[in-house]
Amino acid sequence: QVQLVESGGGLVQPGGSLRLSCAASGTIISINEMGWYRQAPGKERELVASMASRGRANYAASVQGRFTISRDNDQNTVDLQMNGLRPEDTAVYYCNGVIRTEYLRPFRGFWGRGTQVTVSS
């Protein structure tokens, strides 16, 4: 079994910063892409940022220049540094990992349960 656990969410004022962390644990053979998604009430879940194991980061246009994704392949973690937060960034943020859990089996996606980020005065 594989679990992804997010942490670091909370309430922050506009212009503030938060750092989200996600740790993958369990029976892991290899991890390909890891990333962060978010979902606001009444809206579809959307990609925020993602990164392949040794690839470039991919960012949504709305967070480009404000958010930075990073990962530690040895620790199976991925972080999201969020600066210059805006009220429209308010959402539940989910960690995603494309993970191989068995030898000779394909990679498949796993989701964390999410962490709430609220940007408000």
Worksheet item: Do you reckon Val78 sits in the same ILVMFWY cluster as Val63, going by side-chain contacts under 4.5 Å, direct or chained?
Response: yes
Discussion item. Contact between Thr115 and Leu20 at the side-chain level, heavy atoms closer than 4.5 Å - yes or no?
Written reply: yes
Side chains of residues 42-61: which donor-acceptor partners sit under 3.5 Å, not counting sequence neighbours?
residue, atom, partner, partner atom, Å
Glu46, OE2, Arg38, NE, 2.9
Glu46, OE2, Arg38, NH2, 3.4
Tyr59, OH, Ile69, N, 2.9

Worksheet entry | Over all atoms of both residues, closest heavy-atom pair of Ile31 and Ala24 | CD1-CB, 4.1 Å
Fill in: Side chain proximity check, Thr90 to Gln116, heavy atoms < 4.5 angstrom
yes
Please tabulate, one pair per line, all N/O donor-acceptor pairs under 3.5 Å involving side-chain atoms of residues 100-109, not counting sequence neighbours.
residue, atom, partner, partner atom, Å
Arg100, NE, Arg105, O, 3.2

Practice prompt. Mind checking the CG-CD spacing from Asn96 to Glu6? Nearest 0.5 Å is all I need.
Written response: 10.0 Å
Worksheet item: How long is the gap from CD on Gln1 to CD1 on Ile28, to the nearest 0.5 Å?
Response: 12.0 Å
Item to complete: Check whether any side-chain heavy atom of Trp36 lies under 4.5 Å from a side-chain heavy atom of Cys95, and answer yes or no.
Response: yes
Fill in: Residue pair Met82, Thr68: steps toward the side-chain contact (heavy atoms from CB on, under 4.5 Å) verdict
CA-CA 7 Å; Met82 305 186 294; Thr68 302; over 6 Å; no
Worksheet entry | Leu85 and Phe67, any side-chain heavy atoms less than 4.5 Å apart | yes
Worksheet item: Among pairs that include at least one residue of residues 74-88, which meet side-chain hydrogen bond (donor to acceptor under 3.5 Å, both in side chains), considering only residues two or more places apart or in two chains?
Response: Ser17-Asn83, Arg19-Asp79, Arg19-Gln81, Ser21-Asp79, Gln81-Asn83
Fill in: Within one Ile-Leu-Val-Met-Phe-Trp-Tyr cluster: Leu80 and Val98, side-chain cutoff 4.5 Å
no
Worksheet entry | Main-chain N/O of Ser120 paired with Gln13 side-chain donor or acceptor, under 3.5 Å | no
Practice prompt. Flag yes if Val92 and Val119 sit in one hydrophobic cluster, no otherwise; membership is Ile, Leu, Val, Met, Phe, Trp, Tyr, and two members link when side-chain heavy atoms are under 4.5 Å apart.
Written response: no
Discussion item. Would you say Val117 ends up clustered with Leu4 if hydrophobic residues are merged whenever their side chains have heavy atoms under 4.5 Å apart, either directly or through other cluster members?
Written reply: yes
Fill in: Single-linkage hydrophobic cluster, 4.5 Å side-chain cutoff, Tyr93 and Phe110 together
yes
